[in-house]
Protein chains: 2
Amino acid sequence: MEKMKLKMLYSDMRSDLDLIEKELEIAVNSSSDLLNEASLHLLHAGGKRIRPVFVLLAAKFGHYQIELIKHVAVPLELIHMASLVHDDVIDDSEMRRGQPTVKAQWNNRVAMYTGDFIFARALEYITNIQNPKAHQILSYTMVEICVGEIIQIEDKFKLDQRLQDYFRRIKRKTALLIASSCQLGAVVSGADEKTANHLKRFGYYVGMSFQIIDDILDITSTDKELGKPAGSDLIQGNITLPILFLKDSPEFRADLEYALTGNMTEDERLALVKRIRESDAIEKSKAISNRYLQKALKEIDALPASLAKKSLRDIALYMGKRKF
Amino acid sequence: MEKMKLKMLYSDMRSDLDLIEKELEIAVNSSSDLLNEASLHLLHAGGKRIRPVFVLLAAKFGHYQIELIKHVAVPLELIHMASLVHDDVIDDSEMRRGQPTVKAQWNNRVAMYTGDFIFARALEYITNIQNPKAHQILSYTMVEICVGEIIQIEDKFKLDQRLQDYFRRIKRKTALLIASSCQLGAVVSGADEKTANHLKRFGYYVGMSFQIIDDILDITSTDKELGKPAGSDLIQGNITLPILFLKDSPEFRADLEYALTGNMTEDERLALVKRIRESDAIEKSKAISNRYLQKALKEIDALPASLAKKSLRDIALYMGKRKF
């Protein structure tokens, strides 16, 4: 039922989202066949376009003009796409959403400059924006995402890290971009500052909640549902919340350390993933994700009732409960 | 003699350049051993720190404060360094200045994220700058360099391109960053707008002249002087000015096309490089570089006489005549 709600919600915005989709296709177009192929591969690999959706919904709290807000929705999605291609190089990922990654289909070199290219196109697109506040938010977001990529590299394969390190990472990896999407939609459409700040914090909490769910799903979903091996995060050295809950447990410590060596067989991987699924780390992580979700919903409580407000609530609830 | 002048000139700025050098080392420091090693490898591979030198000299036309101008000198050099590492991946370069490149010493993956890391650090550094005009110039410069990297990829291996395409490329690859270095030094130290614009154009013309010389030297220098094979540009598919002068010549056309296939033997490469050296393309290219140099010198003619003015002139003349 929740899924149906989401579909209806998207259908309300269908024509504007189609416009964004076309703009994205134009944005990644170039005179290089290889770049086109790699960029379109990435674009068509899908994704829920959740960032543009948040920009559009947040814009409804001001004076909604698609021709204005597309100037932030498009670069935000481009920045997200660019960071995904570089992440796949960093994580040495072969698959994403059931499709071979750019680095797997071509190589690291092509993935590097496809990411650089899409990032450059995002920067180009941003030069169309006149609003100085919007510029400032976008620059800040880009800095934080770039810096976040590096923090992620630095924290890799370190089992002994604090929850705080994990939260800092997912903040930069996910929450900030969603927070900025909400904030920018509001700012560009001239919503008042208080509303923009509520939406920004809503996006931040939603993003934190989403990423924790994502990290849980990496363990609880099947390989088929994920479109990549379950437990990929751990194998790639990305220490997520459920792992942090288990790292000091005598039953798990040695196995987690062994998993990080990269020497696990397929059977060992499946067995370890199964044991983690059955541990209390999953429920503990879900509880934290849910706490962020509640904080998100509280932020928009203060906003006047509207279809957009209801939609934000529906998306947040749907994403908070999704199975894969 | 010219070289001695340059040494003296640098010695005047030694303590401030040392400070920049230390800041660069701090800027590329991180908690990741691999990132540190790769970044320091790159930092110590040298380079003439020409961008900081231009920032410092331009700043002397205003109220010179090293603590202020270092905030632009450091990120400008970092942006330059980051673009070099990614360029080496794009060009598949094994050697740079007689040293193995990051991608050769490690691999494309490490080169990608070392470049991303250094770029992120440049962005972080920039957040220290309060001056909005300086921010704007730096953002614009970064966009153009990112876009330039892509144009360079798109133009690769295309023999049939116009001089205009070449000039557009080297503008983004080199001239813009030097123009911005000069302009930013002036702007941050509060020089008047007219002076800042003269310095910006000086930097632009100097940059164009430098890059043409660089492209000539890729052909006229020995492998040993270059620290990489002579004719590398052509073999990597980068079409430079001398090549554009020869592409329609019946004596050269077939050989140039063959060179671009990447199938040339070492002997064939040396023979082709020798023939290009002996052609009139070198003199024609030098003449164009010299025309840019003269335009550069004319820009600073209008500025009041000072030691800084003389130094800018000396560097421009030295770089315009350098042998490798």
Side-chain angles (χ1 to χ4, degrees), chain A residues 28 30-36 38-39 75 82-83 85-92 103 107-127 132 135-136 138-158 161 165 172, chain B residues 28 30-36 38-39 75 82-83 85-92 103 107-127 132 135-136 138-158 161 165 172:
Chain A
V28 301
S30 75
S31 64
S32 154
D33 291 340
L34 181 55
L35 268 177
N36 284 339
S39 302
S83 77
V85 209
H86 281 201
D87 274 355
D88 287 337
V89 176
I90 289 166
D91 290 339
D92 221 351
K103 70 139 254 136
N107 55 46
N108 284 340
R109 190 163 156 254
V110 172
M112 184 201 86
Y113 64 67
T114 302
D116 284 3
F117 166 67
I118 294 173
F119 192 74
R121 281 291 158 93
L123 287 170
E124 256 191 319
Y125 215 93
I126 292 168
T127 58
H135 258 285
Q136 205 186 319
L138 266 166
S139 317
Y140 168 77
T141 309
M142 279 190 298
V143 175
E144 291 298 309
I145 287 174
C146 272
V147 176
E149 185 188 301
I150 304 311
I151 293 179
Q152 198 174 335
I153 295 170
E154 296 184 347
D155 286 352
K156 275 183 100 163
F157 295 101
K158 288 181 192 158
Q161 50 179 275
D165 296 317
R172 286 194 157 101
Chain B
V28 302
S30 75
S31 64
S32 154
D33 291 339
L34 180 55
L35 267 177
N36 283 340
S39 303
S83 75
V85 209
H86 281 200
D87 276 353
D88 287 338
V89 176
I90 288 167
D91 290 339
D92 221 353
K103 69 139 253 141
N107 56 46
N108 284 340
R109 190 163 156 252
V110 172
M112 184 200 86
Y113 65 67
T114 303
D116 284 3
F117 166 66
I118 294 173
F119 192 75
R121 280 292 158 91
L123 286 171
E124 255 192 319
Y125 215 93
I126 291 169
T127 57
H135 257 285
Q136 203 186 321
L138 266 166
S139 316
Y140 168 76
T141 309
M142 279 191 297
V143 175
E144 291 298 310
I145 287 174
C146 272
V147 176
E149 185 188 300
I150 304 311
I151 293 181
Q152 200 174 331
I153 294 170
E154 297 185 345
D155 286 351
K156 275 183 100 164
F157 295 102
K158 288 182 193 158
Q161 50 178 277
D165 296 317
R172 287 196 156 100

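Protein chains get the first letters and strands the later ones, always in sequence-line order, with residue 1 at the start of each.
- Note that CD of Q152(B) is 12.0 Å distant from OH of Y113(A), once rounded to the nearest 0.5 Å.
- Of the listed residues (V110(A), N108(A), D155(A)), the one with the most heavy-atom contacts under 4.5 Å to chain B is N108(A).
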_side-chain contact (heavy atoms from CB on, under 4.5 Å) between D116(B) and H86(A), worked out_ = CA-CA 9 Å; D116(B) 284 3; H86(A) 281 201; 2.5 Å; yes
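- Heavy-atom distances place both the backbone and the side chain of I90(B) under 4.5 Å from chain A.
- Rounding to the nearest 0.5 Å places CE of M142(A) at 8.0 Å from CZ of F119(B).
- The structure places CZ of R109(B) at 8.0 Å from CG of D91(A), a figure rounded to the nearest 0.5 Å.
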